[in-house]
Undergrad: 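Before I ask anything, let me first share the structure, which is written out below as structure tokens.
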Protein chains: 2
Amino acid sequence: MTEHGTRVYSPRERMVFSAAQLIRRDGVGATGMRDVAAHADAPRGSLQHYFPGGKEQLVGEAVTWAGNYAARRVTRNLAALPADDRRPSRLFAALISQWTEECLATDFAFGCPVAAVTVDCADTTDSARTAAAQAFDCWRRPLAAALTELGVPQARGASLATLMVSTLEGALLIARAERDTHALTTVSAELGPLLDAAVM
Amino acid sequence: MTEHGTRVYSPRERMVFSAAQLIRRDGVGATGMRDVAAHADAPRGSLQHYFPGGKEQLVGEAVTWAGNYAARRVTRNLAALPADDRRPSRLFAALISQWTEECLATDFAFGCPVAAVTVDCADTTDSARTAAAQAFDCWRRPLAAALTELGVPQARGASLATLMVSTLEGALLIARAERDTHALTTVSAELGPLLDAAVM
DNA sequence: CCATTATTATGACGGTGGTCATAGAGGTGC
DNA sequence: GCACCTCTATGACCACCGTCATAATAATGG
């Protein structure tokens with residue numbers, strides 16, 4: 001999670017990051033502002049200073065951060081594909097495998113913050129819902145680009161990107177409920193051929 | 001939603017049902033016990049009488065109810081398939097279409113209660129997490145059975161059922177965030193051929 | 001060194017939520 | 001009529017949460 005070199009993060013950044021972490025573990029409702037400050041080792045008084053918009057703003061920034069993070073993951077995994085076997089199924093498998101490892105390493109404590117915000121705020125907090133939608137888009141866009149780079153026609157790329165995100169998100173949900181990664185590995189194996197078949 | 005004939009439901013049943021409705025709309029944290037009683041037109045005092053286990057018990061029963069409901073949906077949609085075109089893709093499309101209509105009819109207010117419980121309770125309330133896992137299983141089982149009935153080999157059936165539930169769940173999430181059904185229709189169209197190709 | 005801004009500290013307030021305690025109705029059987 | 005069980009009614013308690021008010025403390029820049 002803290003994989004960006006050794007740079008020191010500002011209290012503000014840490015709070016956004018911590019908010020995302022706590023939200024994806026406990027949900028939005030169960031994540032208190034005081035908890036966020038404590039988790040980020042940040043002063044409580046900084047909350048109202050950096051986030052005058054209150055919890056709504058913090059949640060929005062957290063989910064936006066998560067969307068960018070997911071996008072970075074896609075491009076990084078695309079770049080890390082072996083030169084001799086650059087198929088869409090490999091990219092999907094790499095993404096799934098990363099989530100699988102995270103599940104196992106954290107004992108299934110963490111889900112996806114975007115999903116959490118969607119579930120908890122979709123009908124009550126429009127700003128958060130919008131931020132979640134943008135996060136999904138921010139995630140899907142580089143995925144579609146990666147697919148076209150791997151040989152998938154542009155028209156198909158967007159659709160398959162949606163399919164990949166949907167499937168990953170749902171499988172992650174099931175895995176968390178079951179505390180078992182089989183849903184993740186299953187969808188990875190089942191969807192692979194379909195993705196590769198789209199390469200022209 | 002209230003499609004079971006004209007039978008009158010007991011206050012207890014109504015409370016479980018209402019809990020599921022409120023949870024899938026607002027999440028577990030934002031759903032109060034008083035709200036549930038009010039939504040069910042049930043006396044507040046009955047809560048502690050029927051659910052001595054408190055909110056935890058109510059949430060558990062709500063998600064169990066949701067799992068059974070999803071399972072009934074599968075068998076009903078399977079039975080409703082036209083006799084001349086009984087392919088797996090048709091079943092999946094029917095399920096997706098049902099969720100799509102629900103999204104549109106309720107202006108994307110409702111998601112899946114099982115997903116909501118998973119997101120909000122997976123790491124804190126083990127009983128709820130277990131109930132969610134059972135709900136997913138309860139949902140997946142008739143799906144797998146339906147697939148084998150449609151000609152999919154048993155071994156594949158279980159995997160494809162997991163894939164279908166994952167994809168549906170994730171697409172529903174995206175649709176809700178974007179207030180747009182395109183994710184649902186996209187995954188339905190993209191996954192169809194894969195499902196039909198599994199028929200032997 | 002001062003003025004101004006950025007940041008942090010802390011306590012209070014109003015509201016809400018789950019839960020408990022206690023008592024009141026409503027029915028049934030004997 | 002009485003005992004008994006099921007169900008309902010209601011208020012209180014305590015903890016927590018998001019927010020605000022206010023002040024203190026750095027940091028900065030002239």
Side-chain angles (χ1 to χ4, degrees), chain A residues 8-63 113 116-117 119-121 123-129 131, chain B residues 8-63 113 116-117 119-121 123-129 131:
Chain A
V8 178
Y9 291 93
S10 73
R12 192 181 197 283
E13 287 172 299
R14 292 205 310 273
M15 285 195 274
V16 173
F17 176 80
S18 289
Q21 293 294 106
L22 295 181
I23 285 172
R24 82 198 190 107
R25 193 186 62 188
D26 303 323
V28 176
T31 298
M33 304 260 110
R34 292 166 172 87
D35 303 340
V36 172
H39 183 275
D41 254 327
R44 211 193 82 193
S46 300
L47 276 171
Q48 73 180 281
H49 184 253
Y50 290 118
F51 307 96
K55 188 173 187 177
E56 190 172 334
Q57 180 185 357
L58 182 56
V59 170
E61 295 202 23
V63 75
V117 170
V119 161
D120 282 337
C121 309
D123 196 53
T124 52
T125 315
D126 205 65
S127 70
R129 201 218 78 235
Chain B
V8 179
Y9 291 93
S10 73
R12 193 182 196 283
E13 287 172 298
R14 292 204 311 272
M15 285 195 274
V16 173
F17 175 80
S18 289
Q21 295 292 108
L22 295 181
I23 285 171
R24 81 197 190 105
R25 193 186 62 187
D26 304 323
V28 176
T31 298
M33 305 258 105
R34 294 166 171 86
D35 303 341
V36 172
H39 183 275
D41 255 325
R44 212 193 77 187
S46 299
L47 276 171
Q48 72 180 284
H49 184 252
Y50 288 117
F51 308 97
K55 189 174 187 177
E56 189 172 335
Q57 181 185 356
L58 182 54
V59 170
E61 295 203 24
V63 75
V117 171
V119 161
D120 282 337
C121 309
D123 196 54
T124 52
T125 315
D126 205 64
S127 70
R129 200 219 79 234

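A, B, ... follow the sequence lines: proteins, then strands. Residue 1 opens every chain. Computation of the quantities below employed the complete heavy-atom set of this structure, encompassing side-chain atoms and omitting hydrogens, waters and symmetry-equivalent molecules. Nothing here was measured: the structure is a model prediction, and the numbers come from that model.
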Undergrad: Using atom CD of A:Gln57 as one end and atom P of D:dT19 as the other, report the distance to the nearest whole Å.
TA: 10 Å

Undergrad: Please round to the nearest 0.5 Å and tell me the distance separating atom CG of A:Asp35 and atom CD of A:Gln21.
TA: 14.0 Å

Undergrad: Write down the distance between CG (B:Leu22) and P (C:dG18), rounded to a whole number of angstrom.
TA: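 Interatomic distance, CG of B:Leu22 to P of C:dG18: 11 Å.
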
Undergrad: Scan residues 44-56 of chain A against DNA chain D and write down, sorted by residue number, each residue with any heavy atom closer than 4.0 Å; if none is found, say none.
TA: A:Arg44, A:Gln48, A:Gly54, A:Lys55

Undergrad: Can you tell me how far CZ of A:Arg12 sits from NE2 of A:His49, rounded to the nearest 0.5 angstrom?
TA: 10.0 Å

Undergrad: Between atom CG in B:Asp41 and atom C1' in D:dA9, what is the gap in whole Å?
TA: 16 Å

Undergrad: Using a 4.0 Å heavy-atom cut-off across all strands, classify B:Ser10 as base, sugar-phosphate, or nothing.
TA: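 No contact.
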
Undergrad: Whole-Å distance between C:dT19 P and B:Asp35 CG?
TA: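 Roughly 14 Å, once rounded to whole Å.
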
Undergrad: Flag the pair A:Phe51 / A:Met15 as yes when at least one side-chain heavy-atom distance between them is below 4.5 Å, and no otherwise.
TA: yes

Undergrad: Heavy atoms, side chains only, cut-off 4.5 Å: are A:Tyr50 and A:Gln57 in contact?
TA: no

Undergrad: Determine whether any donor atom in the side chain of B:Arg34 lies under 3.5 Å from an acceptor atom in the base of C:dT19, or the reverse, and answer yes or no.
TA: yes

Undergrad: Taking atom P of D:dC7 as reference, at what distance in whole Å does atom CE of B:Met15 sit?
TA: 10 Å

Undergrad: Distance check, rounded to the nearest 0.5 Å: B:Leu58 atom CG versus B:Glu56 atom CD?
TA: 11.0 Å

Undergrad: Would you find a donor on one side and an acceptor on the other, under 3.5 Å apart, between the side chain of B:Arg25 and the backbone of A:Asp123?
TA: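 A pair under 3.5 Å: no.
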
